[in-house]
Amino acid sequence: MRRSLLGIRQLPLRDSYDAVIIGGGAQGLSLAYNLAKLGYSHIAVLDKAYLASGASGRNATLVRDAFATPEWIRLFHFSLQLWESISDELECNVLFAQRGVLSVAARDETIESFKRATRTHKEMGVQSRLLDGYEIRQVVPGIAGDIKGGLLNPPGGVARHDALVWGYAAAADRLGAEIHSGTEVVGIDMQDGEVAGVRTNRGNIRTRRVVNAAGGLAAEVARMAGVELPLEAVTLEKFVTDAVKPMLNVGIISVETRCSINQTSRGEFVAGSSEPSGMAGLRATYDFLKVSARKVTQVLPALAHLTVVRQWGGLIAVTPDHAPLVGEVAEAPGLFLNVGWGGYGFMGAPAAGKLLAPWLLRGERSGIIGPFDVARYKTGHLIPESMIPVHRSI
Ligand SMILES: Cc1cc2nc3c(=O)[nH]c(=O)nc-3n(C[C@H](O)[C@H](O)[C@H](O)COP(=O)(O)OP(=O)(O)OC[C@H]3O[C@@H](n4cnc5c(N)ncnc54)[C@H](O)[C@@H]3O)c2cc1C
């Protein structure tokens with residue numbers, strides 16, 4: 001049997017599956033792995049390009065659980081716990097380095113919000129610690145003079161983004177799920193109001209269950225089933241500098257300036273503005289570079305001396321409350337969503353796959369992922385979060 005470089009079986013596309021997952025990113029593949037682990041393996045993951053070609057292979061790789069809203073904390077705390085053993089579980093080293101993630105603040109009101117958040121963290125079992133101006137300089141010696149304090153989330157960290165995707169893909173494949181790259185879904189067939197199949201560039205497939213995990217293109221995919229979602233596709237960019245000696249051992253997030261900074265184990269800085277541009281393309285822009293240079297040097301002035309060697313963009317889909325949209329769409333039975341992850345879908349992938357698999361299979365809806373049901377846009381129970389740098393008013 002032919003196998004890809006990742007060891008994944010190269011199989012012919014069948015004309016029917018129990019479920020089809022659209023999107024071979026971290027979200028689609030985590031779900032495929034978790035479904036197959038529950039014995040539901042007559043499924044196919046279809047990706048129009050190659051695995052991790054979407055935002056899952058283009059992100060800043062930060063993982064954390066120190067948010068402010070209980071629903072967000074619960075979900076990402078569960079995910080971080082899964083991250084801790086994901087390399088063993090997938091038999092693939094995703095290089096998860098728990099070096100800590102530090103949210104920094106120059107304004108008193110931000111520090112007050114960090115104080116409130118730490119109280120919630122304590123109640124919910126999340127490890128976080130407030131740092132004053134002196135302590136923050138011990139952790140990040142070069143931090144800007146006006147930074148007054150921060151909130152350290154010690155179990156947070158960074159991981160190798162495409163390794164997570166490859167690990168899920170190989171593990172799902174071993175359990176019998178089929179993964180088909182180069183397979184674009186161009187239509188979703190509905191019969192009597194329910195999902196009946198998908199049309200692809202390689203032929204039609206009959207299926208009663210379709211999962212939309214199409215990342216930045218999720219709104220377009222939903223429209224194929226006649227469903228309009230509260231999603232906007234936007235571009236997020238980051239840059240990487242040349243390598244220098246180690247000087248930053250935590251990931252930094254600034255919700256005030258809306259940027260992130262971390263130094264890789266090879267010494268490069270991966271950083272930039274976390275404000276999405278509305279252009280919804282993959283082209284890197286000079287505007288991003290200009291704005292990012294100002295923002296990141298405002299937090300870590302020493303970066304002004306480094307050379308940017310590369311920048312890139314990735315497409316993400318954001319909801320008005322910036323929280324993901326999951327679950328079955330009431331007006332299109334058989335259509336499940338795992339979309340709208342914005343700037344947090346890499347860290348959230350382990351939890352989402354694990355919790356959505358029993359929901360899709362047996363209707364078991366856990367209290368951790370339940371609040372993110374797309375139905376919240378009908379009930380009005382939105383879940384806005386304040387401790388996020390990737391934020392767009394839409
Ligand atoms: C610059 C940047 C920095 C980021 N930083 C972080 C971070 O530090 N931490 C974090 O947690 N998140 C971060 N994110 C967000 C994170 O990368 C995304 O939320 C996450 O990758 C979404 O995963 P996904 O599987 O839903 O989507 P994607 O990885 O985008 O995958 C979707 C896939 O669907 C496929 N597809 C689309 N349409 C079709 C179709 N019609 N037919 C077949 N296939 C289709 C695409 O080819 C793509 O491979 C960042 C994103 C960017 C761009």
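Note: hydrogens, waters and symmetry copies are ignored here, and every other heavy atom, side chains too, is used. Just follow the structure's listing: the first ligand is 1, and inside any ligand the first atom is 1.
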Can you find a pair of side-chain heavy atoms, one from Val158 and one from Leu62, that are under 4.5 Å apart? yes
Consider every N or O of Gln27 and every N or O of ligand 1, then say whether any pair is closer than 3.5 Å. yes
Looking only at protein heavy atoms, identify the closest one to atom 11 (O) of ligand 1 and say how far it is in Å. Met347 N, 2.7 Å
Kindly assign one of parallel, tilted or perpendicular to the pair Tyr33 and Tyr168, based on the angle between their ring planes and the thresholds 30° and 60°. tilted
Relative to each other, are the rings of Phe76 and Phe67 parallel, tilted or perpendicular (30° and 60° limits)? tilted
Using a heavy-atom cut-off of under 4.0 Å, does the side chain or the backbone of Ala213 touch ligand 1, or both, or neither? backbone
Is the ring centre of Trp359 less than 6.0 Å from the ring centre of Phe336? no
Pair Arg160 + Asp162: basic N to acidic O under 4.0 Å: yes
Identity and distance of the protein heavy atom lying nearest atom 28 (P) of ligand 1: Ala55 N, 3.6 Å
If you scan protein heavy atoms around atom 41 (N) of ligand 1, the nearest is Val185 O, 3.0 Å
Is Leu62 close to ligand 1, meaning an N/O of one under 3.5 Å from an N/O of the other? yes
Got a salt bridge between Arg376 and Asp321, using NZ or NE/NH1/NH2 to carboxylate O under 4.0 Å? yes
Between Lys37 and Glu89, does any NZ, NE, NH1 or NH2 come within less than 4.0 Å of an OD or OE carboxylate oxygen? yes
Which ligand 1 atoms, with their elements, are less than 4.0 angstrom from a heavy-atom of Ser53? 47 (O), 49 (O)
Shortest protein heavy-atom distance from atom 39 (C) of ligand 1, along with the residue and atom involved: Lys48 CD, 3.6 Å
Can you list the atoms of ligand 1 that are under 4.0 Å from a heavy atom of Thr183? 43 (C)
Heavy atoms from other residues, nucleotides or ligands near CZ of Arg174 exceed 12 (cutoff 6.0 Å): yes
Does Val165 have a non-hydrogen atom less than 4.0 Å from ligand 1? no
Verify the neighbour count for atom CD of Gln191: are there more than 12 heavy atoms of other residues, nucleotides or ligands below 6.0 Å? no
Geometry only, no angles: is Phe346 polar-contacting ligand 1 at N/O separations under 3.5 Å? yes
Side chains of Thr285 and Lys290: is there a donor and an acceptor less than 3.5 Å apart? no
Students often mix this up, so state it plainly: with edges at 30° and 60°, are the rings of Phe96 and Trp83 parallel, tilted or perpendicular? tilted
Closer than 4.0 Å to some heavy atom of Leu46 - which atoms of ligand 1 meet that? 43 (C), 44 (N)
Check Ser56 against ligand 1 and report side chain, backbone, both or neither, counting heavy atoms closer than 4.0 Å. both
Taking N or O atoms only and a 3.5 Å limit, does Ala60 qualify as a polar contact for ligand 1? yes
Inspect the contact between Arg209 and Asp18 and indicate whether a charged nitrogen and a carboxylate oxygen are less than 4.0 angstrom apart. no
Using a 4.0 Å cutoff against the non-hydrogen atoms of Gly314, which atoms of ligand 1 qualify? 53 (C)
Check each atom of ligand 1 against the heavy atoms of Lys238 and keep those under 4.0 Å away; list them by number with element. 1 (C)
Distance from atom 31 (O) of ligand 1 to nearest protein heavy atom, with residue and atom: Gly25 CA, 3.7 Å
So for ligand 1, is Arg58 a polar contact partner (N or O within less than 3.5 Å, distance only)? no
Heavy-atom nearest neighbour in the protein, as seen from atom 13 (C) of ligand 1, with distance rounded to 0.1 Å: Gly343 O, 3.1 Å
Looking only at the side chains, is there a donor atom on one of Thr183 and Arg202 sitting less than 3.5 Å from an acceptor on the other? yes
Residue Gly54 vicinity, atoms of ligand 1 by number, heavy atom under 4.0 Å: 29 (O), 30 (O), 49 (O)
Run the salt bridge (charged side-chain N to carboxylate O under 4.0 Å, His left out) check on Glu112 and Lys115 step by step: do they pass? CA-CA 5 Å; Glu112 283 309 311; Lys115 282 186 188 156; 3.2 Å; yes
I'd like to check Val227 versus Leu229 (side-chain heavy atoms, cut-off strictly below 4.5 Å). Are they in contact? yes
Is there a nitrogen or oxygen of Leu315 sitting under 3.5 Å from a nitrogen or oxygen of ligand 1? no
Within 4.0 Å of some non-hydrogen atom of Thr61, the atoms of ligand 1 are 7 (C), 8 (O)
For ligand 1, find out whether one of its N or O atoms is nearer than 3.5 Å to an N or O atom of Ile22. no
For Gly313 and ligand 1, does the shortest N/O to N/O distance drop below 3.5 Å? no
So which heavy atom in the protein is nearest atom 14 (N) of ligand 1, and how far is it from that ligand atom? Asn59 CB, 3.4 Å
Just need the protein heavy atom nearest to atom 35 (C) of ligand 1, so name the residue and atom and give the distance. Asp47 OD2, 3.2 Å
May I ask you to check if ligand 1 and Asn338 share an N or O to N or O distance below 3.5 Å? no
Quick look: Val339 vs ligand 1, heavy-atom contacts under 4.0 Å, and the answer is neither
Provide the number and element of each atom of ligand 1 under 4.0 Å from a heavy atom of Leu217. 37 (C), 38 (N)
Thinking salt bridges, do Arg9 and Glu178 make one under a 4.0 Å N-O criterion? no
